[in-house]
Amino acid sequence: KLEETSPNEYQDNKFVCQRATPLKHHNTKFTDALEILERHAVYVDSTQRDSRALAFRRAACALKSYPKQITRIEEASKLSSVGNHSKKEILENGSSDEVQDILSSEFFKTMEVFSSIYGCGPATARKWYEKGYRSIADVHHAVSDGMKLTEQQTMGFKYHSDLVKPVPKEEAINIKDIVIKELSKIQPNCIVELVGGYRRGKLSGHDVDILITHQNNSKVEGLLHKLVERLEKLDLMVGRNPHFESKTLYLKSVKGIGEGSQRQGGHMDSLDHCFCMFQMGKSFENEKVEHSCMQTTGEADETGTSTGSSSSEQMAAVVRRVDLIVAPHKQFPFALLGWTGSKQFNRSLRDYAWKVLKVKLSNHGMWDHKHIPVRQVEATSEQEIFHELKLEYRDPHDRNA
Ligand code: ATP
Ligand code: MN
Ligand code: MN
């Protein structure tokens, strides 16, 4: 599949969404280096995202979808997205002094640590760096001296050691299965998809993205709230939501998600969405308790108990970030496309749709602005969306831009 285009026919002047970008590609040593340069550029100036950082990102995207390993600089020179700075990195085999210097710099190392805190973006990280903080402990001290954190950052600090641990796909599937099981008790026949990186073939991720819909629109209204309440009652969530006085971190519910309220292709996602913190471990604890109760009321002499409890103890109570999203059925294909990503693939898709077709694409739908008055274009599947956009269909595995 990787070899379907020969390097000679390869065109990087196309939009990223017009090319297949697989997860595994041939130029990792270069793209890893370019991604460091990109992150560094964002850390230096997050308002300049559109220039330097974006140039590195475009170059990395071109290399990710290039059908073979670049061995000669002449090859890279033919790629219009690979600018001089990125070319230099390729010349130096992805291990230039510049990259080495960045990696060993106090600035970069500190910014990486701060950016690993949920709720801490590059602007906050830099603010802390400029105040002289160099470690998580430094920030903790500042907090005890009265520095304010946002709700998200507070959670980010509290569960930092858990949240930096990657979520293996098997665990993401477990969480999805719990969601399916609990949903079925609230509302039968929901459609549930594991989206985000796992749908693109990744074997681990930084969070678990779960998209939910129901064929009947009236069943969708209020569904997320009920689901979250139920998961909280089962003690599967940690955190506290200031707006809902529940334990959930953040629950956004937009009234009247139906037809009338759709802004014409706005980028802001106004689907029902809950950022939450799951704690599977606690439920395993609960199951263990139930299990041992059953055992004591049952057989008086149970020899297998020690193996049973040691396997429960292995289930560490790791806190995981989970995004729960509920979409009305009509918007589901758009939400599915949007929440599958990658972010860069979506960006390219929206860019292409607008620049080439004057179509605004969002997680809710698409709107044709060539047509006066603006006309909504419907689709019942991702395939139909690509078709309407006059694009070759891309499997989620080929959307890893
Ligand atoms: P990872 O495996 O590290 O979690 P990911 O690709 O799943 O990577 P996420 O940040 O979880 O990354 O996002 C998944 C997709 O959902 C992305 O394509 C992103 O564009 C989209 N997305 C994330 N947050 C929002 C949001 N608030 N509104 C709309 N879309 C979002
Ligand atoms: Mn994700
Ligand atoms: Mn997510």
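Order of listing sets the numbers, starting from 1, for every ligand and every atom in it.
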Student: Go through Phe108 and Arg39 one step at a time and tell me if the side chain to side chain contact (heavy atoms under 4.5 Å, CB included) criterion holds.
Tutor: CA-CA 9 Å; Phe108 187 77; Arg39 285 214 298 284; 4.1 Å; yes
Student: Pick out which of Val238, Asp207, Leu231 makes a side-chain contact (heavy atoms from CB on, under 4.5 Å) with Phe278.
Tutor: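 It is Leu231, the one option of Val238, Asp207, Leu231 that forms the side-chain contact (heavy atoms from CB on, under 4.5 Å) with Phe278.
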Student: Which atom, counting only N, O or S, brings Asp207 closest to the Mn ion (ligand 2)?
Tutor: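 The atom in question is OD1.
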Student: In ligand 1, which numbered atoms sit nearer than 4.0 Å to a non-hydrogen atom of Gly197?
Tutor: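 Those atoms are 5 (P), 6 (O), 7 (O).
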Student: According to the interplanar angle, ranging from 0 to 90°, do the rings of His329 and Phe332 count as parallel (below 30°), tilted (30 to 60°) or perpendicular (above 60°)?
Tutor: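 His329 vs Phe332 ring planes: parallel.
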Student: Does this structure show an ion pair linking Glu392 with Lys14, if we count only N-O contacts that are shorter than 4.0 Å?
Tutor: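 Looking at Lys14 together with Glu392, the answer is no, because their closest N to O distance does not fall below 4.0 Å.
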Student: Flag His206 as yes when one of its N or O atoms lies below 3.5 Å from any N or O atom of ligand 1, and as no otherwise.
Tutor: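 By distance alone, the answer is yes.
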Student: Which of the numbered atoms in ligand 1 are under 4.0 angstrom from any heavy atom belonging to Gly205?
Tutor: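 This gives 2 (O) as the contact atoms.
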Student: Is a side-chain donor or acceptor of Gln152 paired with a backbone partner of Tyr118 at a separation under 3.5 angstrom?
Tutor: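 Side chain of Gln152 to backbone of Tyr118: no pair is present.
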Student: Among the N/O/S atoms of Asp209, select the one at the shortest distance from the Mn ion (ligand 2) and name it.
Tutor: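 The atom in question is OD2.
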Student: Between Gln18 (side chain only) and Phe15 (backbone N and O only), is there a donor and an acceptor less than 3.5 Å apart?
Tutor: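 Yes: the side chain of Gln18 pairs with the backbone of Phe15.
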Student: Find, among atoms of Asp323 that are N, O or S, the one nearest to the Mn ion (ligand 3), and state its name.
Tutor: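 Atom name returned: OD2.
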Student: Which ligand 1 atoms are under 4.0 Å away from a heavy-atom of Arg200?
Tutor: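 The list of qualifying atoms is 6 (O).
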Student: Considering only heavy atoms, does Asn363 approach ligand 1 within less than 4.0 Å through its side chain, its backbone, both, or neither?
Tutor: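 The answer is the side chain.
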Student: Looking at ligand 1, does any of its N/O atoms fall within less than 3.5 Å of an N/O of Lys202?
Tutor: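 It does: an N or O of Lys202 is found under 3.5 Å from an N or O of ligand 1.
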Student: State the atoms of ligand 1, each with its element, that fall below the 4.0 Å cut-off from a heavy-atom position in Gly341.
Tutor: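 Reading through ligand 1 atom by atom, the close ones are 18 (O).
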Student: Report the part of Asp207 (side chain from C-beta onward, or backbone N, CA, C, O) that has a heavy atom under 4.0 Å from ligand 1; answer both or neither where that applies.
Tutor: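 The answer is both.
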Student: Can we say Lys185 and Glu182 salt-bridge, meaning some charged N sits less than 4.0 Å from an Asp/Glu carboxylate O?
Tutor: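 Counted as a salt bridge, because a side-chain N and a carboxylate O are separated by less than 4.0 Å.
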Student: Enter the distance from Leu324:CG to Cys274:SG here, rounded to the nearest 0.5 Å.
Tutor: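 Answer for the CG-SG pair, Leu324 versus Cys274, is 5.5 Å.
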Student: Using a strict cut-off of 4.0 Å, indicate which atoms of ligand 1 neighbour a heavy atom of Asn346.
Tutor: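 Result: 18 (O), 20 (O).
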